[in-house]
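To start, the structure under review is shown below, and the notes come after it.
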Amino acid sequence: MNRKLTLLAAAVVAVAVGTFDFHADQTASAQSSQARGKTKATMKRGAKSKPAPPKSNLPTGAEKTKVEIAPVKPELRDSALRAAAKIDALVESGLRKTGQKPNEMSSSEHFLRRVYLDITGTIPTSKQTETFLANKSESTRIALVDSLLNRPGYASQMYDWMADILRLVDRSDNNNYLRPYSDWVKECLRDNESWDSMVHDMLTAEGRVWDEPAAGFVLRDPGMPLDNLNNAVRIFLGTRIGCAQCHDHPFDKWTQKEFYSLAAFTAGIEYRPTTRINIAPKDIDKASSKDGKESNEARQAKQLMRLNRNGVSNNDKKQLKFPHDYQYSNAKPEQFAIPAVLWGTAPSKINNADRRKVFADWVATGDNPRFQLTMANRLWQKAMGIGLIEPADDMKDETKATNPELMEFLAKELVRLKFDLKEFQRIIYYSKTYQRAATYSELDPEKPYLFPGPLLRRMTAEQVWDSLLTLTMPNPDTVVRPDDDEYVETVSLTDKTTAEELLKKVERLAEVRKEENKDKNKRLYKGQELVRASELPQPLPEGHFLRQFGQSDRQSIADSHTDGTVPQLLTMFNGPVTHMMLEQGSVIYNEVTAEKSVEAQINKIFILVLNRHPTPAERVVAQKEMKSAGPAGYGNVIWALLNTREFLFVQ
């Protein structure tokens, strides 16, 4: 990437960009000089040696939480290194067959920034950058990978990635409350729950989502069991069978009969919990009405009742019929579909009571080739910028990986590691293939990419947001989304809840929401909640920074993007996110103003924003701007660096 920066152009936009204010520091210096001329007796009588620090507009009252996260296993390092070496051997063998060579190893600066973004979802701090660049040990990269995998940021970025695939939302289109499902996914990632276990829970859970959070996977498609089945096969098995719901698949081998036979496993799903609410609407009206009309409290109480009627249960007697207009000779219209898997054999005898469990046992196992292939390929795609199989969710029998031997090895490694996603990624990040310089050239769609190094790629929306937050707020990993325990306790009803108790819950709910908003205000800056993307509402509304930079609305699987747009330019030009970094009290403000010379301040800015030292040419341009423009020049230099491709791309 061209490292020449357009710092001079920054002066043109100085008015639009916030500026560092050094006047407070100058005043403090003057007052300090005066204080030095006073006697100790005068000082003791109450004279101040220096003024109070200037008040910051940034939120400082958010509660801090220590996030516990399962560490990598030290005893597995040697086996991980051997597996990484095998990856390199297979990649280099594939390259040799076509006369290609691997890229050179990446620079320390590029590797540092890349591995932080890929594992923790954000750029490193200045201290982390300087510590790594000063360490010349041969094992420093391996040690850094392990260190990053042990940090809360690992679960945060994995959640962002998985939320896009699983379509995680706080509420579905029918206002069904699903946040406990999202929180469960996040907790599984913190605990490093195995992928097969997570998937098995998602496919079998029953109950209301706050009782059994994994039930949220089914409730994500309320009342649409066939769509949910199609999504499950696409997400977990990398295969698209949706077309076969209405007719034989035109581009794959799947028949409509095979689709319905597979769907018969989930035919017993009922979209209501086993807990019954024994309150009649007339009882609510009677308990709340004063003039014979439905009160606002009564309407809210009925909404709570509807909320409690969302859940998952199993009806052993319910079976799936073929459509009334079924047109093929291999079954009859409205005939009952008999459960059958798409490939291989069912792992156990099928009976109506255990249909969902048998289906989950077939999907989430190392014996299912596409289950292992799909996640291994997705994680390789995540680290390298492109998968061995593309697209990752449209495998067919004739699909061939760009490096079949490597794909087979990765799938077997995932099984060997018992679907431990963290240990599997550890292997990829250990490899020289991952640590090589990025490929900058455009890919030839007619030729397979054989991984001489990772692809140059743009940051995701979440990586951009979290990186800007790292430049603004100290220790952002310690500010997590407050739990919803009070809300859940308030809205949850039982078969013994009376109409009077329900109305009291409505009153309590108003208090809970008031407390939630009060707590949220502690994290707000100009209407923006300054917490990591994983700790924000899911998804964000249209117009939010994350949506502008590519976060999807979570309606479709893996629908986020990293394309550049005009709204992004305007946001980076003069949005609140740009201004927040230049506020007094921000990380970048504090660290730059703490430096004593312009030269040291320039170096600090580059270390903070680009995680490298400036070149001599860049230093000259930055120094000229900062000296000629005064305090505004500091903001101009920062703004210019933030708007370079070097900041927004993962090299």
Side-chain angles (χ1 to χ4, degrees), residues 194-206 212 214-215 217-218 221 224-245 248-249 252-271 312-323 326 328-332 334-377 393-399 408 411-412 414-416 418-419:
S194 67
W195 179 238
D196 57 338
S197 175
M198 287 180 65
V199 173
H200 200 280
D201 287 348
M202 285 186 262
L203 295 178
T204 58
E206 295 182 25
E212 290 292 339
F217 179 80
V218 171
D221 300 301
M224 299 184 290
L226 298 184
D227 287 341
N228 187 255
L229 174 77
N230 175 44
N231 288 330
V233 173
R234 184 175 167 186
I235 292 170
F236 305 135
L237 302 179
T239 303
R240 301 189 186 191
I241 61 171
C243 285
Q245 181 177 336
D248 289 354
H249 202 300
D252 206 344
K253 69 176 187 178
W254 311 118
T255 65
Q256 189 177 15
K257 181 181 180 181
E258 286 175 313
F259 181 95
Y260 271 78
S261 296
L262 187 68
F265 280 105
T266 59
I269 290 176
E270 297 277 8
Y271 289 88
V312 178
S313 59
N314 190 63
N315 183 345
D316 297 350
K317 297 180 180 179
K318 189 177 178 183
Q319 297 186 64
L320 180 67
K321 292 181 178 180
F322 285 96
Y326 189 79
Y328 303 105
S329 60
N330 51 12
K332 295 180 180 179
E334 298 190 336
Q335 172 186 328
F336 287 120
I338 299 173
V341 296
L342 293 177
W343 54 79
T345 57
S348 60
K349 185 178 179 180
I350 303 170
N351 60 66
N352 284 357
D354 296 330
R355 283 176 292 178
R356 289 182 70 204
K357 181 181 181 302
V358 174
F359 175 63
D361 289 344
W362 173 73
V363 170
T365 174
D367 294 330
N368 192 321
R370 290 200 186 179
F371 183 67
Q372 49 180 280
L373 275 176
T374 298
M375 183 48 83
N377 184 57
D393 59 1
D394 194 15
M395 294 185 196
K396 301 177 175 66
D397 284 353
E398 62 271 20
T399 297
E408 182 182 2
K412 288 181 177 178
L414 187 57
V415 175
R416 180 183 69 81
K418 298 179 180 178
F419 294 94

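Between Val363 and Leu203 the shortest side-chain heavy-atom distance falls below 4.5 Å. Contact of the Trp343 side chain with the Asn368 side chain is registered, since non-hydrogen atoms from C-beta on lie closer than 4.5 Å. In this structure the side chain of Ser194 never reaches within 4.5 angstrom of the side chain of Lys418, judged on heavy atoms. Looking only at side-chain heavy atoms (C-beta outward), Leu226 and Phe259 come within less than 4.5 Å of each other. A heavy-atom distance below 4.5 Å is not found between the side chains of Trp254 and Asp248. Contact of the Leu342 side chain with the Trp362 side chain is registered, since non-hydrogen atoms from C-beta on lie closer than 4.5 Å. Between Phe359 and Pro339, the closest side-chain pair of non-hydrogen atoms is not below 4.5 Å.
For the side chain to side chain donor-acceptor pair (under 3.5 Å) test, no residue two or more places apart in sequence or in another chain qualifies with Asn377. In terms of the side-chain contact (heavy atoms from CB on, under 4.5 Å) criterion, residue partners of Glu334 (sequence neighbours excluded) are, by chain and number, Lys321, His324. Residues meeting the salt bridge (charged side-chain N to carboxylate O under 4.0 Å, His left out) test with Lys253, sequence neighbours left out: Asp397. For the side-chain contact (heavy atoms from CB on, under 4.5 Å) test, residues two or more places apart in sequence or in another chain that qualify with Ser348 are Val358. Take Asp227 and apply the side-chain contact (heavy atoms from CB on, under 4.5 Å) test, not counting sequence neighbours, and it matches Met224, Gln245. Looking at residues two or more places apart in sequence or on another chain, you find no salt bridge (charged side-chain N to carboxylate O under 4.0 Å, His left out) involving Asp316. Residues satisfying the salt bridge (charged side-chain N to carboxylate O under 4.0 Å, His left out) criterion with Lys412, sequence neighbours excluded, are Glu408. Annotation: side-chain contact (heavy atoms from CB on, under 4.5 Å) contacts of Pro323 (sequence neighbours excluded): Gln256, Tyr260, Asp325, Tyr326. For Asn352, the side chain to side chain donor-acceptor pair (under 3.5 Å) criterion is met by no residue, not counting sequence neighbours. With sequence neighbours excluded, the residues that form a salt bridge (charged side-chain N to carboxylate O under 4.0 Å, His left out) with Lys357 are Asp361.
Note that CZ of Arg240 and CG of Asp394 are 4.5 Å apart. Values are rounded to the nearest 0.5 Å. The distance from atom CG of Asn230 to atom CG of Leu262, rounded to the nearest 0.5 Å, is 10.0 Å. To the nearest 0.5 angstrom, Ser313 atom OG is 13.0 Å from Glu212 atom CD. Taking CE from Met395 and OG1 from Thr374, the interatomic distance works out to 3.5 Å, rounded to the nearest 0.5 Å.
For the pair Ala205 and Ala215, the tightest heavy-atom approach, listed with the atom from each and the gap, is CB-N, 3.4 Å. The heavy-atom pair separating Ala364 from Asp196 by the smallest distance is CB-O, 3.5 Å. When all heavy atoms of Gln319 and Phe336 are compared, the closest pair comes out as CB-CD2, 3.6 Å. The two atoms that bring Asp201 and Ala214 nearest to each other are O-CB, 3.6 Å, heavy atoms only.
A donor-acceptor pair under 3.5 Å is formed between the side chain of Asn228 and the backbone N or O of Phe217. Panel note: side chain Asn351, backbone Ala353; a donor-acceptor pair is recorded below 3.5 Å.
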Query - Verdict with supporting geometry, Ile350 and Phe265, side-chain contact (heavy atoms from CB on, under 4.5 Å) - result: CA-CA 9 Å; Ile350 303 170; Phe265 280 105; 3.7 Å; yes
Exercise. Show your working on side-chain contact (heavy atoms from CB on, under 4.5 Å) between Glu270 and Asn314 and close with a plain yes or no.
Key: CA-CA 6 Å; Glu270 297 277 8; Asn314 190 63; over 6 Å; no
* Evaluate the ring pair (Phe, Tyr, Trp, His ring centres under 6.0 Å) criterion for residues Phe419 and Phe371: first the C-alpha distance (whole Å), next the side-chain angles of each, then the deciding distance (0.1 Å), finally the verdict. => CA-CA 10 Å; Phe419 294 94; Phe371 183 67; 5.1 Å; yes
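For the side chain to side chain contact (heavy atoms under 4.5 Å, CB included) with Val218, the qualifying choice from Arg356, Met202, Glu206 is Arg356, the only one to do so.
For Lys318, the NZ atom sits in a packed shell: over 12 heavy atoms of surrounding residues, nucleotides or ligands are nearer than 6.0 Å. Within a 6.0 Å sphere centred on NZ of Lys396, other residues, nucleotides and ligands contribute more than 12 heavy atoms.
Applying the salt bridge (Lys or Arg N to Asp or Glu O under 4.0 Å) definition to pairs two or more places apart or across chains, none involves residues 339-354.
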Which donor-acceptor pairs under 3.5 Å do side chains of residues 232-239 form with protein atoms, sequence neighbours excluded?
residue	atom	partner	partner atom	Å
Arg234	NE	Asp393	OD2	2.7
Arg234	NH2	Asp393	OD2	3.1
Thr239	OG1	Leu237	O	2.9
Thr239	OG1	Arg370	NH1	2.9

